[in-house]
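Structure first, then comments.
Every chain is numbered from 1, with letters handed out A, B, ... down the list of sequences. No hydrogens, no waters, no symmetry mates; every other heavy atom, side chains included, goes into these values. Note that the coordinates shown come from a computational prediction; the quantities given were computed from them, not determined experimentally.
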Number of protein chains: 2
Amino acid sequence: MQPPPAEPGMHESEVDTPALVIDLDVMETNMNRMAEFCRKAGVGLRAHAKTHKSPVIASWQIERGAVGQCVQKTAEAEVLAWSGVRDILVSNEVVAERKLKRLVALQSMAKVSICADDSGTVDRIEQMAEAARQRLTVLVEIDVMGVRCGVRPGAEAAALARRIATSPHLIFGGLQSYHGSAQHLRSEGEREQAIASAVRKTVETVEAIRSEGLACEIVGGAGTGTFRHEAASGVYNEMQAGSYIFMDADYARNNPRPEFEQSLFVLSTVMSAARDGVAVVDCGHKGIAIDSGLPLVHGREDIDYVGASDEHGTLALRGTSLKVGEVLRLVPGHCDPTVDRYDWYVGMRGQRVDCVFPVAARGMMQ
Amino acid sequence: MQPPPAEPGMHESEVDTPALVIDLDVMETNMNRMAEFCRKAGVGLRAHAKTHKSPVIASWQIERGAVGQCVQKTAEAEVLAWSGVRDILVSNEVVAERKLKRLVALQSMAKVSICADDSGTVDRIEQMAEAARQRLTVLVEIDVMGVRCGVRPGAEAAALARRIATSPHLIFGGLQSYHGSAQHLRSEGEREQAIASAVRKTVETVEAIRSEGLACEIVGGAGTGTFRHEAASGVYNEMQAGSYIFMDADYARNNPRPEFEQSLFVLSTVMSAARDGVAVVDCGHKGIAIDSGLPLVHGREDIDYVGASDEHGTLALRGTSLKVGEVLRLVPGHCDPTVDRYDWYVGMRGQRVDCVFPVAARGMMQ
């Protein structure tokens with residue numbers, strides 16, 4: 001692990017770069033806004049830890065009323081459970097026996113639920129839970145996008161729910177119904193339409209499951225791009241938004257008047273300014289994710305980040321110049337995978353370092 | 001850090017996924033071929049550790065005759081120096097005082113050289129070296145691509161060389177002359193042409209520096225895509241290839257009869273197969289870099305990896321099917337940033353795990 005790039009009390013210009021920094025004031029405002037929204041809408045917030053990968057930030061969300069956390073990976077569930085988070089949903093299929101054993105072993109310290117879309121896997125989970133004399137909550141994932149994991153909505157989902165409910169060591173926990181691609185559709189109208197379709201499929205499935213005599217305790221889904229629609233649907237009861245705490249350039253592009261502000265940045269230093277109109281910074285795509293577009297340079301409309309190689313970022317300067325050693329804030333195109341590149345968060349209040357804490361679940365692949 | 005995903009002796013199917021695996025037999029053949037080539041060509045191999053990020057692999061290269069290692073980052077230099085690598089070139093500009101102090105402090109245990117393209121930075125390096133009572137070797141980087149770091153070839157480079165040579169605590173070490181973008185040009189003819197241009201600029205610069213009464217001890221550059229051209233130039237004397245040990249899908253596309261074979265894979269498990277003709281694996285772009293194209297599925301021409309989200313990879317199946325739990329080898333589009341996602345290498349002999357060792361310089365951003 002890298003040593004921390006900063007110490008509390010330092011000025012921003014003294015932080016070793018590239019570094020992952022949070023504007024804590026902005027992040028707290030974002031967290032408060034979402035907490036208030038969910039309270040008023042009467043839905044639970046099960047914030048997604050795939051964004052922050054940090055038990056510290058999870059605790060700040062739970063303190064504000066979040067019912068628990070989502071994760072994508074077994075190893076992420078371990079990091080949170082080992083830090084005292086008590087209610088965790090792996091919003092993803094887990095199929096390997098090795099991983100299922102580890103998840104079952106976490107039940108002593110936390111309620112850890114998982115998703116399934118395959119009857120063979122349900123049987124394997126039952127075996128693992130039986131062997132450990134534990135009971136495990138399993139949700140059925142339905143494929144509301146038609147392109148990724150999940151069984152078909154309706155009868156197929158109901159049959160899988162019944163299989164879970166009739167497994168002696170499993171508890172049927174409800175539905176995982178997340179429309180991932182809708183989060184990044186460009187217009188509000190497109191997002192609304194996509195979620196309307198997901199809501200119809202979810203309602204149909206809840207009814208099919210009810211006709212089996214089963215109740216969906218959790219109907220979970222939604223992200224930062226669409227949560228208002230799921231919350232208004234009357235059928236979803238848990239919001240799984242994650243990015244709202246940080247935001248990124250891609251979310252900003254989709255919403256001309258965003259209700260959450262950018263709080264996550266990568267600090268980067270100009271390392272070369274040998275040519276006019278161009279500067280090179282010390283952060284390429286090793287240090288900032290480019291899967292959803294190149295980063296922006298915060299507060300500098302006269303500078304464009306135009307090219308990322310592994311360790312270098314090329315800036316085009318429009319009527320301005322930069323000196324070697326100058327430090328800039330970059331806005332990531334995509335927050336979640338950017339966070340995964342770093343070992344440490346540097347929490348800022350204004351331009352002063354307030355705290356430094358680890359991205360504890362960074363790189364938790366498995 | 002994640003726990004290791006495997007133990008020696010395990011079968012490939014037991015490895016926890018996603019996992020970064022090396023076919024050790026293939027990698028050794030690749031290392032032997034490059035070592036032999038450099039010996040015959042009479043050039044040094046200063047293999048680039050930005051690819052492997054591992055003192056273990058560095059030691060295997062040095063054992064085969066490599067003169068040392070290149071790195072891109074101060075923290076990478078530390079990891080290698082602390083592991084006993086004795087000759088390290090930071091093939092990159094270092095500008096922050098904090099980093100320069102750390103590099104100067106390494107001189108007690110290794111010869112660590114760095115590059116510069118700015119006279120102000122040269123003065124700062126001199127101050128740091130003087131303060132620590134050390135002498136530091138500095139190379140001049142010239143911009144043979146015309147798009148990134150480096151001073152202009154010729155007179156400008158010679159002036160900077162003189163400034164280094166006349167700084168009491170600095171040693172002028174030679175030229176860094178790397179044509180990064182040429183490595184990935186599609187045809188051999190294009191790559192040859194790009195390097196011919198780089199060679200002309202390098203020769204011109206070596207002569208300009210000689211007319212200052214200075215010698216270029218090192219003239220370094222070249223990568224896996226072009227090293228034969230630099231080696232044949234008569235002016236380059238150190239090859240900085242890195243990817244040749246692993247290879248990737250992008251290099252394979254550029255060379256229909258590659259002299260190095262694929263030795264690096266990401267093992268990934270089918271986690272969902274709920275729809276006909278499609279399967280979802282547990283490795284998306286968090287686990288495999290997609291900046292140079294999507295991964296391939298090794299040995300399976302009937303399967304295409306067609307979509308990567310953060311944690312999921314979507315496979316299109318042509319006339320075949322996959323079961324939940326099946327394990328596949330993915331060929332990364334780009335090896336260096338893929339390695340940076342992982343804490344552990346799993347070294348395989350055939351389908352058995354031979355050894356497990358850390359990606360010790362993973363995430364060394366600074």
Where do A:Leu89 and A:Cys115 come nearest, in terms of heavy atoms and distance? CD1-SG, 4.3 Å
Counting only heavy atoms closer than 4.5 Å, note whether B:Glu14 contacts chain A via side chain, backbone, both or neither. backbone
So, B:Glu97 versus B:Gln127: side-chain donor-acceptor pair below 3.5 Å or not? no
Please classify the contact of B:Lys323 with chain A as side chain, backbone, both or neither, using a heavy-atom distance under 4.5 Å. neither
Tell me, for A:Thr17 versus chain B, whether the close heavy atoms (under 4.5 Å) come from the side chain, the backbone, both or neither. both
Heavy-atom pair count under 4.5 Å with chain A, highest-scoring of B:Val280, B:Val270, B:Val151: B:Val280
N/O donor-acceptor pair under 3.5 Å between B:Asp282 side chain and B:Met271 backbone: no
Thinking salt bridges, do A:Arg163 and A:Asp123 make one under a 4.0 Å N-O criterion? yes
Sort B:Val94 into side chain, backbone, both or neither according to what part of it lies under 4.5 angstrom from a heavy atom of chain A. neither
Look at the aromatic rings of B:His184 and B:Tyr251 and report parallel, tilted or perpendicular, splitting at 30° and 60°. tilted
I need the residue from A:Glu78, A:Lys73, A:His312 with the largest number of non-hydrogen atom pairs under 4.5 Å to chain B. A:His312
When only pairs under 4.5 Å are counted, which of B:Arg124, B:Glu141, B:His334 shares the most heavy-atom pairs with chain A? B:His334
For the backbone of B:Gly154 and the side chain of B:Thr205, can you confirm whether one donor and one acceptor N or O come within less than 3.5 Å of each other? yes
Under 4.5 Å from any heavy atom of chain A, what part of B:Gln72 do you find: side chain, backbone, both or neither? side chain
With a 4.0 Å cut-off, would you call A:Lys53 and A:Asp336 a salt bridge? no
May I ask you to decide if B:Asp250's main-chain N or O and B:Asp248's side chain share a donor-acceptor pair within less than 3.5 Å? yes
Main chain of A:Gly150, side chain of B:Arg275: is a donor-acceptor contact present, judged purely on distance under 3.5 Å? no
Based on non-hydrogen pairs under 4.5 Å, which of A:Lys99, A:Arg362, A:Glu311, A:Arg341 is most in contact with chain B? A:Arg362
Identify which part of A:Asp16 has an atom lying under 4.5 Å from any heavy atom of chain B, answering side chain, backbone, both or neither. both
Top of B:Ala75, B:Pro5, B:Gly325 for chain A proximity - count of heavy-atom pairs under 4.5 angstrom: B:Pro5
Could you look at A:Arg98 and say if it's the side chain, the backbone, both or neither that has a heavy atom under 4.5 Å from chain B? side chain
Do the ring planes of B:Tyr345 and B:Phe246 sit parallel (below 30°), tilted (30 to 60°) or perpendicular (above 60°)? tilted
Heavy-atom pairs under 4.5 Å with chain A - which of B:Asp291, B:Thr269, B:Thr314 has more of them than the others? B:Asp291
Tell me, for B:Asp343 versus chain A, whether the close heavy atoms (under 4.5 Å) come from the side chain, the backbone, both or neither. side chain
Among B:Pro337, B:Ala360, B:Ala116, single out the residue with the greatest number of heavy-atom pairs under 4.5 Å to chain A. B:Pro337
Contact winner vs chain A - B:Val327, B:Asn92, B:Asp143, B:Val278, heavy-atom pairs under 4.5 Å: B:Asn92
